[in-house]
Amino acid sequence: MEGGNSNNNNNPEELAVGCLLSIRTTLGDEFEGQVVTFDRPSNILVLQEASKHGPRRNIRLLKANYIKDFTFLGQAEDPLDPTNCFLDLAALQAREEVAIRQAEADAERIGVGVTSEAQSIFDALSKTLPVRWDKTVIVVMNDVRVGSPYHPESVVGGTPAANERVKKVLEFERKRLQLRSSGGQ
């Protein structure tokens, strides 16, 4: 760190938690932030930047030797003071629930004990049709079943129109996989 401010506080270890700083890095970035902490062993300054979009905050970890200079803008309250922190637990729990449901849905789309070719066929079918796994069998539209080896001849059940549609997608995907494996793509 080359510079400092008029108060000669150019050592990050001397910056108190809550200091508001304007910082210029050796890479040319300029930003303002509030000191959260300084980690001496790693030489990292942790800064909190105010967001222009609501109450969210960005946390920036900055290696102190990348600070070209800084200006002390003032002192604010401790950013980690629990009396000033607000957590919307209902919103956090709702985000958690959505994330869990999405992870479960993503996990259900991965076949267990199937080849990568079978998974590719499942993924191709899922782009245009509702599909799910029933052990190693692909179930399309809750009616048509495609078992190993996942050829058009392996398609059973469903209406004749649905059956034909699944067979066409299978044929197309098998050709695409064959081209890919032979280096044609």
Side-chain angles (χ1 to χ4, degrees), residues 25-31 33 36-37 39 41-63 65-66 79-80 82 85-185:
T25 69
T26 57
L27 302 173
D29 291 339
E30 293 185 32
F31 62 94
V36 175
T37 190
D39 182 57
S42 64
N43 198 32
I44 291 180
L45 184 62
V46 180
L47 300 155
Q48 174 178 272
E49 296 176 282
S51 172
K52 294 174 178 74
H53 309 290
R56 292 186 177 201
R57 302 281 190 247
N58 294 325
I59 299 295
R60 187 183 289 231
L61 305 175
L62 181 64
K63 200 84 161 153
N65 40 326
Y66 284 101
L80 299 178
C85 293
F86 172 73
L87 293 176
D88 185 349
L89 291 179
L92 289 173
Q93 289 169 337
R95 284 178 60 191
E96 178 187 36
E97 286 298 318
V98 167
I100 289 170
R101 280 195 302 275
Q102 184 62 49
E104 289 170 346
D106 291 346
E108 287 176 6
R109 300 181 60 75
I110 299 171
V112 177
V114 299
T115 64
S116 61
E117 180 182 62
Q119 186 65 51
S120 294
I121 290 168
F122 178 93
D123 293 341
L125 287 168
S126 73
K127 289 178 184 173
T128 57
L129 301 167
V131 294
R132 64 180 170 81
W133 285 105
D134 180 14
K135 297 187 173 111
T136 60
V137 174
I138 300 171
V139 180
V140 186
M141 298 179 287
N142 286 328
D143 210 14
V144 181
R145 299 176 67 80
V146 185
S148 183
Y150 310 101
H151 289 274
E153 304 81 48
S154 308
V155 176
V156 294
T159 64
N163 205 302
E164 284 305 310
R165 169 125 170 118
V166 172
K167 284 181 180 181
K168 283 185 181 181
V169 174
L170 268 175
E171 287 171 6
F172 176 77
E173 184 59 19
R174 286 212 154 272
K175 286 178 187 171
R176 198 174 71 78
L177 287 171
Q178 197 171 22
L179 282 172
R180 188 187 303 167
S181 66
S182 65
Q185 192 172 358

*asked:* How long is the straight-line distance from CD1 of Ile138 back to CG of Leu170, given to the nearest 0.5 Å?
replied: 7.0 Å

*Give a yes or no on this: more than 12 heavy atoms of other residues, nucleotides or ligands lie within 6.0 Å of atom NZ of Lys63.*
yes

*Taking all non-hydrogen atoms of both residues into account, name the closest pair between Gly147 and Ser154 and its distance.*
O-CB, 3.2 Å

*Report the distance from atom CZ of Phe172 to atom CD1 of Ile121, rounding to the nearest 0.5 Å.*
12.5 Å

*Rounded distance (nearest 0.5 Å) linking atom CD of Gln48 with atom OG1 of Thr37*: 12.5 Å

_Rounded distance (nearest 0.5 Å) linking atom CG of Leu45 with atom CG of Asn65_ = 11.5 Å

*With a 4.5 Å limit on heavy-atom distance, are the side chains of Trp133 and Val112 in contact?*
no

*Heavy-atom pair with the smallest gap, counting every atom of Val146 and Tyr150*: O-CE2, 3.6 Å

_For Ala124 versus Glu173, what's the shortest heavy-atom pair and its separation?_
CB-OE1, 3.2 Å

*Counting only heavy atoms not in Phe31, do more than 12 fall under 6.0 Å of its CZ?*
yes

*May I ask you to say whether Arg174 pairs ionically with Glu171, meaning some side-chain N is under 4.0 Å from a carboxylate O?*
no

*Mind checking the OG1-CD spacing from Thr159 to Glu164? Nearest 0.5 Å is all I need.*
10.0 Å

_Whether Asn163 side chain and Val156 backbone form a donor-acceptor pair below 3.5 Å_ = no

*Shortest non-hydrogen contact from Arg109 to Phe122?*
O-CE2, 3.4 Å

*State, yes or no, whether a side-chain contact exists between Ile59 and Val46 at a heavy-atom distance under 4.5 Å.*
yes

*Would a distance-only check, ignoring hydrogens and angles, find a side-chain to backbone donor-acceptor pair under 3.5 Å from Gln119 to Gly111?*
yes

*Answer yes or no: is there a side-chain heavy-atom contact under 4.5 Å between Ser120 and Leu177?*
yes

*Heavy-atom side-chain contact between Arg165 and Thr128 under 4.5 Å*: yes

_Do Glu108 and Arg132 have side chains that approach each other closer than 4.5 Å (heavy atoms only, starting at C-beta)?_
no

